[in-house]
Q: 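One structure, pasted below without further comment.
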Amino acid sequence: MKIKTLLMGAVAITGLAPAAFAERASDGQVNIIYWQAPSILNPFLTGGTKDIEAASLVLEPLARYDETGALVPWLAAEVPTLANGGFSEDKTQLTWKIQEGIVWSDGTPFTSADVKFTYEYCTDPQGGCAQLAKFENVASVETPDDLTVVVTFDSPVSNPYQPFVGAQSPILQQAQFADCTGANAPSCTDQNFYPIGTGPFTVAEFKPNDVITFEANENFRDPAKPAFATVNFKGGGDATAAGRAVMETGEFDYAWNLQLAPDVIASMEQGGMGTPVAGFGTGVERVMLNWTNPDPALGPDERAVIGPHPFLQEPAVFKAMSMAIDRPLLSEVGYGDAGKPTCSWVAGPEIYAIEVEGCFEQDIAGANALLDEAGFVDSDGDGIREANGVPMSLVFQTSTNAVRQDFQALLKQWWSEIGIETELRNIDASVFFGGDPGSPDTFQKFYADIEMYQNTFDGTDPQSYFGNGLCDKIPSPATQWQGENVSRFCMEEYDALHAQLTQIDDPEERVRISQELNRLAFENGMMIPLVHRGRISAASNTLGGVVLNVWDSELWNVADWYRID
Amino acid sequence: MTEPVPASPKAIEALRDEGPLAPPRSQAADVWAQFRKHKGAMMGAAVLIFITLAVLLGPYIWTLDPQRLDIRNKDLRPIYTALWDGTANVSWGHPFGTDNLGRDQLAQMIAGGRASLAVGWAAMVLSLLIGTGVGVLAGYFRRLDGPLMRITDLFLSLPILPLLLVAVTLFRQPLRAAFGPEGGMFILIVTIVGITSWMPTARIVRGDILALKEREFILAARSIGTTSGKIIRRHLLPNVLSPIMVSATLGLATAIITESALSFLGVGFPSDFPTWGKMLADAVPRMSEFPERVVLPGTAISLTVLSVNYLGDGLRDALDPRLRGR
Amino acid sequence: MLTFIARRLLLSIPTLLFISFAVFMLLQLAPGDPMAQVPLTVPDAVKEKMREALGLGEPPLVQYWKWLVQVFWIEPKVLIDYLTASSTLFSWLPDTALYQGELRVISWQTRSPVMDIVVQRMPQTLWVVGLAYVVGVLIALPIGVYSAYRQYSVFDQAGTFVTMIGFSIPPFFTGPLLIVIFSVGLGWFPSIYDTTHEVTDWDSFVVQLQQMIMPVMVLALQTTAQISRYMRAAMLDNLGADYVRTARAKGLSEAVVVNIHVLRNSMIPVVTVIALGVPAIFGGAIITENVFKVNGIGQLLITALFANDLPMVMTLTFIFAVLIVLFNLIADVLYGVLDPRIRYD
């Protein structure tokens, strides 16, 4: 590597590249492959990560999270805080100052009116905006002048950085989308496929669910960026092929989210064309325990509605199940470098995680002793213990995914060693994570004893995510099986503590309460956390400037990417 | 003809043989004799019997549990790799090696073969029965042709994935309650593969029947008052045997492979229940490091299909009276 | 024959309506949710609003009726406008402006007209899947004929062996195997198909050939295996027939006997199989397209199915059904041509 490129790399990473070193569009084409193909480039009409990340090359928010999870100003001049006076003392008003001189890719100036329009676009009652939750508490968005945006909340908020922050909530151009609000949103194909943005690239050709060609934005605010003239953004296929194309054949420069077994990734790395990059966000793979009785003999209004479960709420049972698990082994087999064993529901950001004694050690003998002590013994000699008169036999469901099926097999084996029988079931992700109330197989309906999946939250503040354990979020037939409290966990103490969290601002106290919530969930058998999952992507060895960011779009700093000669 | 004719016994006496030159041969014996001459068919039969016996009796000889994980012995290579690679990680305890979770591959092959063969045969037979039945009825009875072929068109156009999901939603729980998780799934899989793959057979058989029923021998049969059922059984079915045999062979392969695709959707057997198709599918990402994991199930499927193919060839030749005795 | 065709075409309209209704009800019954791919971070209440915006709240029959109107009334108008305005064939006609901005069939994933995406996918589908089918059939017919003519010769045995193995090894294995050998190992062909590639000169044509060769090989192997088996079996049935002996006895050459007399009489099952396969070209090759990222109609259908994009699935299935009905009709007509004794009226 030449000194110049080394320097460039260092500069690009710190995000300060001066014009003297680089020249816009001088590095040719960069090839990116997402094994899920983007369908649309308007993040407000889709919740899909693939679409949001593809759009992040073009559309930008006022501020976003960097690779450490810290908030950095993007189109705004600075992040408004209590300290700098941008966030009002009563916590109801946030004032953004927009950077001067930013223009859209069509050359028109970017103003606060665009920001206000974005708010109106998303909150239109007929629009079906996917990011509506970001604007939940917003009472109004005002524009005192062209570069100032005042967001007023209807009540004091502890975390005001929801609207216009992060790749999920970028700014749309008012001039382009003015006729696309509400019921008109679906007929605006051109706008949704070719959004005008402030980002480093513009859309040259969009083939939905296939490939996107981007070109460098002539009007991008940094005259030296982006280094690449075009981006070939291919979608489709599977993670194996995407990893192979970057690390073995070198056809592509960047492959997104390689959900592959670590030995498969390691063998691809032998190809020598690229390297995997890993980062840890908020995702935790866990086993949810059903607090209601999923017995098929019960009627539709009782099955998985009426608790308790015949035996899963017995502390001895879920503790023994947790003790029987070799978490470091699971993490190693399933995720390698991209996994850390954990007993925390919220394991990232790390400050909220809890230490649990014995979490990393498997203790089959101890688990057996615990069950024996509690009186759950195998009375009929079939190798399966009985609890309260029923055999301890569990239906264990999850979505179809090679790693999850390996986990299922391992857990089944360990639990069989403590006398708990498991029947495995795997369901296609489009059904499992779907919300069709008619399907018996959705994760929310939970017609099984236990189920395994990963959940995450946006940003770095876990308050609303901890809300997923509240009693009033339990899915039931009355709510069309909607509700985030999938395990149907319900504890007064937990609800009270969460209410306390929403009132408190002191950061240290928030951490303490969050950890306490984490502990309550774990110790009372809401779930059995398994692995804190990282994200693995792969970058070509000739691609410089890649900084994996799990808190925002992975392509957040694509303007800084360059070709290593 | 066979009744004794009492008139002029002397003349007949002169013509009488001392005894039959050869014992009378039944049709079955003729077919068997012809079949035995067919080397390919005999080989096919031998291989098929071997595979069937291996998967049926295998679990009693090789008693390791195919679902048992032995994580310390994961990723073992088959014993034969030691021939050319002295450093290979092999163990006589696992002659075919182990997978990435340490499950014994030989035991998996045996258990997987049971499931795959059972699903393959059952689904193939079901699909052939429906396909041939619909094809014959549509081809022979003009009145039924229209409705039956339009139903065939409908089944050809149905998207399979939603069909599978509907079947699971409606039938998995009742079947599981009645036949247990694996038995219920077996019935569901066989039925689904069967009812989604009979259409080509039906159209092919119908096409052939349409042509055959205009031939002179059918006219002759009809003119002596043969009933439709008899015409179909005696005259038409034997003549459409070859395309049916081809359908059967191809159908067996399709059924074994389709089963593996179903488990991705949660329609198949539980994920820790091995089948050849699933073993093959799971091993694809690691095929350059562990080629045996694709080669073993791949060979097993191919051998089964090849032997059924040769068996079908031999059977067809043996049942063709024009070829018999040549 | 003409009345037969006219009657069948007329009859195909209610058939297709019935098929489309059956498919629609099947999709309604199937579990699945267009919001399944939306991350869990989006709250349920927001997902419910998004569903409403897609029109999911309406009764199924209303949804079906809207779809029917869009497919049979609005989409043809768009097509006619396109034909008279910009196609080379009909642009001499005065420009029509039938389409007045009514709602077309809109995909739930992309919020864009389904037909536009289908048209966009046609080139790669026809290039790869269509070509593979043609290649497969062209190889299969001579193999089938010659294998039957020289039954149990070395050629026949080898052909049987290769085709049966080819058929019993699924494309989800052969595809990656070819990639490992030819892309990773030898570096001859790209493992990912570039749908934006345009053929303008000889060099770009070579690139196109390179990226097509592996998917075409995988697909053609399956087609060849299937059709050559049927061809061989049908030829064997006829080669022993009395008319063949007669033809030989009257001094016809072997070439004429085999290629004209026997072949024509053996074509009925083969024509059936080929006609069944043509709509499947349009249906695309789901697994192969996915392995090589060809992103044709098959990939479109499977992503739509996984995303529960009902308008897209309905429309693709319907086009597929039209082709099935059409090609089965063509097969029926061909039976009559091949064997004049077959009569339908």
Side-chain angles (χ1 to χ4, degrees), chain A residues 33 37 39-40 42 45-49 126-133 185-189 192-193 205 207-211 213 232 234-238 240-241 244-245 248-249 251-252 271 428-436 438-442 455-458 479-480 482-484, chain C residues 29-54 101 103-104 106-113 116-117 120-121 124 176 179-180 183-184 187 190-192 194-196 289-295 299-300 303-309:
Chain A
I33 183 160
S39 313
I40 188 168
N42 182 347
L45 291 183
T46 168
T49 313
Q126 283 182 292
C129 175
Q131 310 302 341
L132 199 57
S187 50
C188 286
T189 307
N192 293 334
F193 283 5
E205 192 189 15
K207 290 187 170 182
N209 287 357
D210 181 12
V211 65
T213 312
N232 173 29
K234 177 84 179 178
D238 51 90
T240 319
R244 188 175 281 140
E248 290 192 77
T249 68
E251 288 165 79
F252 277 74
D428 180 68
S430 69
V431 175
F432 187 66
F433 292 117
D436 186 341
S439 165
D441 290 329
T442 66
N455 201 348
T456 57
F457 58 95
D458 288 341
T479 63
Q480 293 290 303
Q482 295 189 357
E484 287 82 6
Chain C
L29 207 59
D33 175 13
M35 295 298 120
Q37 291 183 341
V38 172
L40 298 183
T41 49
V42 173
D44 283 341
V46 174
K47 285 187 190 163
E48 190 53 40
K49 285 229 165 87
M50 292 171 75
R51 284 190 202 103
E52 276 167 25
L54 293 175
L103 202 58
R104 298 174 62 186
I106 298 281
S107 152
W108 287 348
Q109 292 174 86
T110 68
R111 312 296 177 98
S112 70
D116 291 359
I117 306 177
Q120 204 174 60
R121 295 301 176 97
Q124 53 258 40
I179 289 180
V180 165
S183 299
V184 178
S191 70
I192 290 174
D194 179 7
T195 45
T196 55
E289 282 186 11
N290 218 14
V291 168
F292 295 100
K293 308 329 149 273
V294 178
N295 291 357
Q299 188 260 5
L300 189 65
T303 46
L305 280 169
F306 282 132
N308 281 291
D309 184 354

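The basis for the numbers below is simple: all heavy atoms, side chains too, and nothing from hydrogens, waters or symmetry mates. So that the names make sense, note that chain A is the first sequence line, chain B the second, and so on, each numbered from 1.
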Q: Answer yes or no: is there a side-chain heavy-atom contact under 4.5 Å between C:P113 and A:T189?
A: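 Touching, per the 4.5 Å side-chain cut-off.
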Q: Mind listing the closest non-hydrogen atom pair of C:R121 and A:P208 along with its distance?
A: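 Smallest interatomic distance, heavy atoms only, reads NH2-O, 2.7 Å.
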Q: Whether the side chain of C:Q120 engages the backbone of A:K207 through a donor-acceptor N/O pair (distance < 3.5 Å, no angle test) should be reported.
A: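 Judged by distance alone, no pair lies under 3.5 Å.
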Q: Would you mind telling me which of C:S183, C:A304, C:P190, C:A307 has the largest number of heavy-atom pairs within less than 4.5 Å of chain A?
A: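 The residue among C:S183, C:A304, C:P190, C:A307 with the greatest pair count is C:P190.
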Q: Non-hydrogen atoms of chain C under 4.5 Å away: do they reach the side chain of A:F432, the backbone, both or neither?
A: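 Nothing of A:F432, per the 4.5 Å heavy-atom cut-off to chain C.
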Q: Can you see which heavy atom on A:F193 is nearest to which on C:T110, and at what distance?
A: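 Smallest interatomic distance, heavy atoms only, reads CE1-O, 3.3 Å.
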Q: Which of the residues C:V180, C:D194, C:N295, C:I117 is involved in the greatest number of heavy-atom pairs with chain A at under 4.5 angstrom?
A: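 Heavy-atom pair counts peak at C:N295.
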Q: Rounded at 0.5 Å granularity, tell me how far CD1 in C:I192 sits from OG1 in A:T249.
A: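 Result: 6.5 Å between the selected atoms.
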Q: Could you grab the distance from atom SG of A:C188 to atom CZ of C:R111, nearest 0.5 Å is fine?
A: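 These two atoms lie 11.0 Å from each other.
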Q: Less than 4.5 Å to any heavy atom of chain A: does that hold for the side chain of C:I179, its backbone, both, or neither?
A: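 Only the side chain of C:I179 comes within 4.5 Å of chain A.
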Q: Any side-chain to backbone donor/acceptor pair from A:K234 onto C:K293? Under 3.5 Å, distance only.
A: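 At least one qualifying donor-acceptor pair exists.
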Q: If you take all heavy atoms of C:Q299 and A:N209, which pair is closest and at what distance?
A: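 What the structure gives for the nearest pair is NE2-O, 3.2 Å.
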Q: Would you mind telling me which of C:T195, C:T303, C:T196 makes a side-chain hydrogen bond (donor to acceptor under 3.5 Å, both in side chains) with A:D210?
A: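 The passing option is C:T195.
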Q: Of the listed residues (C:Q124, C:R104, C:Q109), which shares the most heavy-atom pairs with chain A below a 4.5 Å separation?
A: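 Option with the greatest count: C:Q109.
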